[in-house]
Amino acid sequence: MTDVIRIAAGQGFWGDWLEAPQRQLEGGPIDYLMMDYLAEVTMSIMQKQRSRDPALGYAKDFVPLMRSLMRELVERRIRVTANAGGVNPLACADAVVACAREEGLAGKLCIAIVTGDDMMERLDELLAAGHVFANLDTGEPLTTVRESVQSANAYLGAGPIVEALSRGADIVITGRVTDTALTLAPMIHRFGWDWSDWSKLAAGTVAGHIIECGAQCSGGNCLVDWERIPNLADPGYPIIEASEHGGFVVTKHPGTGGRVSVASVTEQLLYEMGDPTSYITPDCVADFTSIRLRQSAKDRVSVGGVTGGPPTDFLKVSISHSWGYKAIGTLVYAWPDALKKAKKADSILRERLRRLDLEFDQLLTELVGVDATHGRLAGPPNPDIPEVQLRVGVRAKERRPVERFTREIAPLILNGPPSVTGFAGGRPKVEEIVAYWPALIPKREVQARVQILEV
Amino acid sequence: MSFAGRGRRKSNKGAKQSRGRASGRKLQLREIAHARSGDKGDTANIGLIALKPEYYPILEKEVTAARVARHFRGVIKGSVERYELPNLRALNFLLHGALGKGGTLSLKTDAQGKVFSTALLRMEIRIPRGIHVG
């Protein structure tokens with residue numbers, strides 16, 4: 001019999017369905033619970049939280065979640081890989097350790113943290129050594145925004161997670177690692193794959209990509225036949241059944257809602273895809289044009305044929321920096337002439353803003369119900385449209401013009417076009433913009449660390 | 001608008017063949033394909049997937065980078081690149097300058113390009129004679 005491990009996705013982002021991890025445990029046998037919390041912007045939000053309170057800066061939801069699951073995790077020997085640590089893996093792990101002790105699990109649970117991704121303290125030293133951190137999108141050197149940098153984290157690969165598992169960790173809490181590493185690492189650990197067996201590493205990476213967004217591969221947000229995808233009130237989150245030779249099956253627990261089909265998996269494979277022949281990770285470069293999919297049974301898709309090559313000498317660094325401010329205000333105009341009224345209100349608003357002589361980097365008007373999502377591709381609007389939401393956004397380097405803008409929306413209710421409603425939220429909020437700056441750093445500059453915590 | 005992208009291993013193959021075929025039925029891409037889109041900075045990606053294997057060659061021929069650039073004229077600011085994944089019966093398009101600076105900077109409702117997918121499915125193409133759709 002082939003050795004198979006079952007890796008279940010419990011979270012696809014920070015804010016995902018809180019029920020999902022428990023359901024992955026209840027629904028049937030699994031060996032690993034993989035939880036992905038980190039999107040590009042998440043790190044900067046966590047950084048901000050840590051600057052206010054040094055005990056924060058991680059996915060707080062993770063701690064109560066672990067508390068409720070840990071007894072069962074121990075009993076069933078299910079291990080967890082999660083990047084819930086954000087910019088403060090130690091604080092996150094300390095909180096989980098405290099829970100474990102309170103639950104009477106001292107000596108029964110081994111918790112590891114993976115760090116070394118945080119480049120913030122070494123940033124100036126690295127810049128001085130000649131690393132420019134050129135923006136991967138624009139080519140600009142980081143020095144142009146150095147003063148406003150809030151966080152800088154290298155994407156670590158599967159290596160340190162594999163090390164943590166081999167040192168006996170039941171729960172591995174990481175900072176910034178690639179989303180796919182959380183799924184790939186258990187395979188390398190269990191099957192002892194060689195670090196130069198590129199095609200197997202690529203297969204594990206593809207598996208990770210498929211389940212890193214949770215139910216988005218198992219019927220959620222799936223366009224094909226969406227109305228007949230069963231029971232999305234209770235969606236089955238995906239499970240990878242991985243085997244030693246690199247092939248794997250995407251499935252979900254029996255009796256759950258959603259659907260695992262070639263269509264649902266293909267949609268997820270293409271999500272956020274660049275050049276499909278080179279999906280670059282710290283461990284390998286996977287070729288998505290090699291992937292073969294087959295519906296092997298209901299809610300089971302077999303994946304094989306994956307090939308890959310050696311990784312590059314660089315790691316991606318995710319840098320966040322304060323950019324400025326934005327605010328978005330909305331008003332709803334009702335029939336008759338809803339669209340005309342919304343457009344009129346927009347032109348009045350723009351005239352008033354012009355007179356105030358405010359400087360914006362951008363002033364954007366969208367008419368929700370008419371053109372907000374597809375622009376002119378949506379075609380001519382229905383002249384009898386029942387209502388239109390006027391949505392106006394501004395962005396500026398300075399706070400003042402944005403703040404002033406937020407005071408210009410409400411007056412329109414009484415001194416602008418008629419049949420207006422939908423302003424219960426009050427004045428729009430001024431939001432700080434933390435922008436994302438992708439860059440590269442040579443691997444030799446980054447040392448991942450694994451630390452085991454006593455429970 | 002330029003559609004000459006920078007990426008490697010992509011092509012505009014098929015642009016020539018699509019000309020001069022006045023025959024055949026016109027339909028919207030949504031009848032033969034599905035799609036998912038996402039973002040990377042100010043670039044939106046759209047994965048366009050044939051609903052049936054026999055539709056993939058039609059996508060490959062008809063939905064060129066140039067045609068997608070024309071379709072999104074006025075909606076995006078930059079160029080369009082196309083990559084082919086015949087193994088998945090899919091094409092991947094990168095639409096640059098699509099998201100009003102992208103990520104947290106964007107003021108758009110669709111700041112992360114989540115519904116560029118269905119905007120592409122609005123595109124009309126001609127189905128060559130002899131191919132049955134439905």
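All chains are named by letter (A, B, ...) in the order of the sequence lines, taking the proteins before the strands, and each is independently numbered beginning at 1. The structure displayed is predicted, hence computed values, not measured ones.
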With respect to chain B, which residue among [options] yields the maximal number of heavy-atom pairs within a distance under 4.5 Å?
| options | value |
| --- | --- |
| A:G375, A:A263, A:A327 | A:A263 |
| A:T289, A:D361, A:V262, A:L363 | A:T289 |
| A:D137, A:T373, A:I291, A:V368 | A:I291 |
| A:P438, A:A435, A:G274, A:G379 | A:G274 |
| A:I433, A:L377, A:V392 | A:L377 |

Roughly how far apart are [X] [atom1] and [Y] [atom2], rounded to 0.5 Å?
| X | Y | atom1 | atom2 | answer |
| --- | --- | --- | --- | --- |
| B:T104 | A:K326 | OG1 | NZ | 6.0 Å |
| A:H374 | B:T109 | NE2 | OG1 | 11.5 Å |
| B:K101 | A:R395 | NZ | CZ | 5.0 Å |
| B:F72 | A:R376 | CZ | CZ | 9.0 Å |
| B:K108 | A:Q362 | NZ | CD | 9.0 Å |
| B:H34 | A:S264 | NE2 | OG | 9.0 Å |

May I ask you to name which of [options] has the most heavy-atom pairs under 4.5 Å with chain A?
| options | value |
| --- | --- |
| B:V115, B:L94, B:L105 | B:L105 |
| B:R122, B:H71, B:K40 | B:R122 |
| B:D42, B:I46, B:L121, B:N92 | B:N92 |

Using side-chain heavy atoms (C-beta onward) and a distance below 4.5 Å, is B:I49 in contact with A:V224?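 B:I49 vs A:V224: side chains apart.
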Heavy-atom side-chain contact between A:L269 and B:L85 under 4.5 Å: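 Result no, sub-4.5 Å side-chain heavy-atom pair not found.
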For A:E359, does the CD atom have more than 12 heavy-atom neighbours from other residues, nucleotides or ligands under 6.0 Å away?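 Check fails, neighbour count at 12 or below.
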Counting heavy atoms not belonging to A:E398, are there more than 12 under 6.0 Å from its CD?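 No, CD of A:E398 has 12 or fewer neighbouring heavy atoms, counting only those of other groups under 6.0 Å.
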Of the backbone (N, CA, C, O) and the side chain (C-beta and beyond), which part of [X] lies under 4.5 Å from a heavy atom of chain B, both, or neither?
| X | result |
| --- | --- |
| A:S44 | neither |
| A:R391 | side chain |
| A:L293 | side chain |
| A:V265 | neither |
| A:L136 | neither |
| A:I328 | side chain |
| A:A39 | neither |
| A:E267 | both |
| A:Q268 | both |

Which atoms of [X] come close to chain A, meaning under 4.5 Å heavy atom to heavy atom: side chain ones, backbone ones, both, or neither?
| X | value |
| --- | --- |
| B:L88 | both |
| B:T118 | both |
| B:L51 | side chain |

Let's go through B:N45 and A:M273 carefully: what are the C-alpha distance in whole Å and the side-chain angles of both, what is the deciding distance for side chain to side chain contact (heavy atoms under 4.5 Å, CB included) to 0.1 Å, and is it a yes or a no? CA-CA 6 Å; B:N45 99 291; A:M273 176 60 45; 3.7 Å; yes
